[in-house]
Number of protein chains: 2
Amino acid sequence: MQPSDVRYPGGDEKGQVTTMRELPHPATEDIRLSAVMHALSDEVRLELVRRLSNDWEGNCTLLSEDIEIHKSTLSHHYRVLRESGVTRTRVDGRDRHIRINREALDERFPGLLDAVLKSLDD
Amino acid sequence: MQPSDVRYPGGDEKGQVTTMRELPHPATEDIRLSAVMHALSDEVRLELVRRLSNDWEGNCTLLSEDIEIHKSTLSHHYRVLRESGVTRTRVDGRDRHIRINREALDERFPGLLDAVLKSLDD
DNA sequence: TTGATGGTTGGGTGACCATCAAACTAAGTG
DNA sequence: CACTTAGTTTGATGGTCACCCAACCATCAA
């Protein structure tokens, strides 16, 4: 149940274990529409996705700036987004870098992500 | 809270009040993305929407054929779909005729419905 | 090593949700 | 009229969810 500790290749050429890795995500074919819909049915998570929409860069704290919600609750939202397949999370030292999982979503549900992001543009 | 009793025109040319009417639905501009997503985050409701996708015609009982769920639960799902703006419900005597609220959805969230229906086609 | 920073985890709480059963309304039928 | 049919409503139940708090873990800096 706890995050796997698998190190992804890259940056360990001298045999050192890097802290750069990805948290576990569902395989593309395992992404379920109902789970994606559920992840996108919460206003806070929708706002996070909106902020991520224009190739945003930064860590979780920056991403959730001005959202007055406890950090543990935000951590929960990040997990829902990640486990549903909506986002991908890369660990970089202390930071988590989150981005929209466009490749998988576009493959699995063509047009859905674009329609959602367009609806969030208002 | 109870269904409005507004009679729609049609079939009352002799002055008789018809039972043909629509249940209350949200105005197009009041349809919220989070509510639509929530309505579509349940497998049973997704199946109902899938069945409605090809201009399906019939009453609720026919629509939910082979779905082994209590009729009161189905009634609940119909309400969630209707109140979120995903479907429109017309009352015809004892029957309810449900259809996808394409006009409103396409106006409010262009491309979203098509992407969802396409994803359900598998 | 001490302290600060970024984030996760576990516990607890109130709200909501999907489900069923039973009672109910309303409309068609014999 | 009584009976059936279509669907809603209400109440109960077990489960999930969003949220906060406190403790914790890991990383980075002095």
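Everything numeric in this text was worked out from a predicted model, so none of it was measured. Below, read A as the first sequence line, B as the second, and so on, with proteins coming before strands; counting in each chain starts at 1.
The distance between atom CG of B/L81 and atom C1' of C/dC17, rounded to the nearest whole Å, is 14 Å. A straight line from CZ of B/R21 to P of D/dA6 spans 17 Å, rounded to a whole angstrom. To the nearest angstrom, C1' of C/dA18 lies 16 Å from CG of B/L40. Going from atom CG of B/D92 over to atom C1' of D/dT8 covers 17 Å, rounded to whole Å. Spacing between atom CG of A/L23 and atom P of C/dT8 amounts to 7 Å, rounded to whole angstrom units. The distance from atom CG of B/N59 to atom C1' of D/dG7 is 10 Å, rounded to the nearest whole Å. Between the CZ atom of B/R82 and the C1' atom of D/dG7 there is a distance of 11 Å, rounded to whole Å. Atom CG in A/L74 sits about 17 Å away from atom P in D/dC17, given to the nearest Å.
Among C/dT9, C/dG7, D/dG7, the nucleotide with an atom closest to any side-chain atom of A/R79 is C/dT9. In this structure, of D/dG7, D/dC19, C/dG7, it is D/dG7 that holds the atom nearest to the side chain of B/D95.
Of the possible donor and acceptor atoms, one in the side chain of B/H25 sits under 3.5 Å from a partner among the backbone N and O of B/L23. For A/S64 (side chain) and A/C60 (main-chain N/O), a donor-acceptor pair under 3.5 Å exists by modelled atom type. Listed for the A/R51 side chain is a donor-acceptor partner under 3.5 Å among the backbone atoms of A/L63.
When each of A/R94 and A/Y78 is assigned the nucleotide of DNA chain C bearing its nearest heavy atom, the one mapping closer to the 5' terminus is A/R94. Comparing B/L62 and A/S41 against DNA chain D, the residue whose closest nucleotide sits nearer the 5' end is B/L62. Residues B/H76 and A/V44 both approach DNA chain D. Their nearest nucleotides, taken by heavy-atom distance, put B/H76 toward the 5′ side.
At the heavy-atom level, B/I69 lies under 4.0 Å from the strands shown only through sugar-phosphate atoms. Residue contacts for A/H38: at a heavy-atom cut-off of 4.0 Å it reaches the sugar-phosphate backbone alone, with no base atom in range. Base engagement by B/S75 is indicated by at least one non-hydrogen atom pair under 4.0 Å involving a base atom.
Rounding to the nearest 0.5 Å gives a distance of 7.0 Å between CG of A/L40 and CG of A/L81.
Residue B/H70 places none of its side-chain N or O atoms closer than 4.0 Å to OP1 or OP2 of C/dT19. The phosphate of D/dC19 (OP1 or OP2) has no side-chain N or O of A/T73 nearer than 4.0 angstrom. The side chain of B/H77 contributes an N or O atom lying less than 4.0 Å from OP1 or OP2 of C/dT19.
In A/D121, the CG atom is crowded: over 12 heavy atoms of neighbouring residues, nucleotides or ligands sit closer than 6.0 Å.
D/dA30 and C/dT1 make up a base pair, with Watson-Crick or G-U wobble contacts both under 3.5 Å.
Counted by atom type alone, B/T28 and B/E107 present zero donor-acceptor pairs between their side chains at under 3.5 Å.
The base of D/dC21 lies close enough to the side chain of A/S72 for a donor and an acceptor atom to sit less than 3.5 Å apart.
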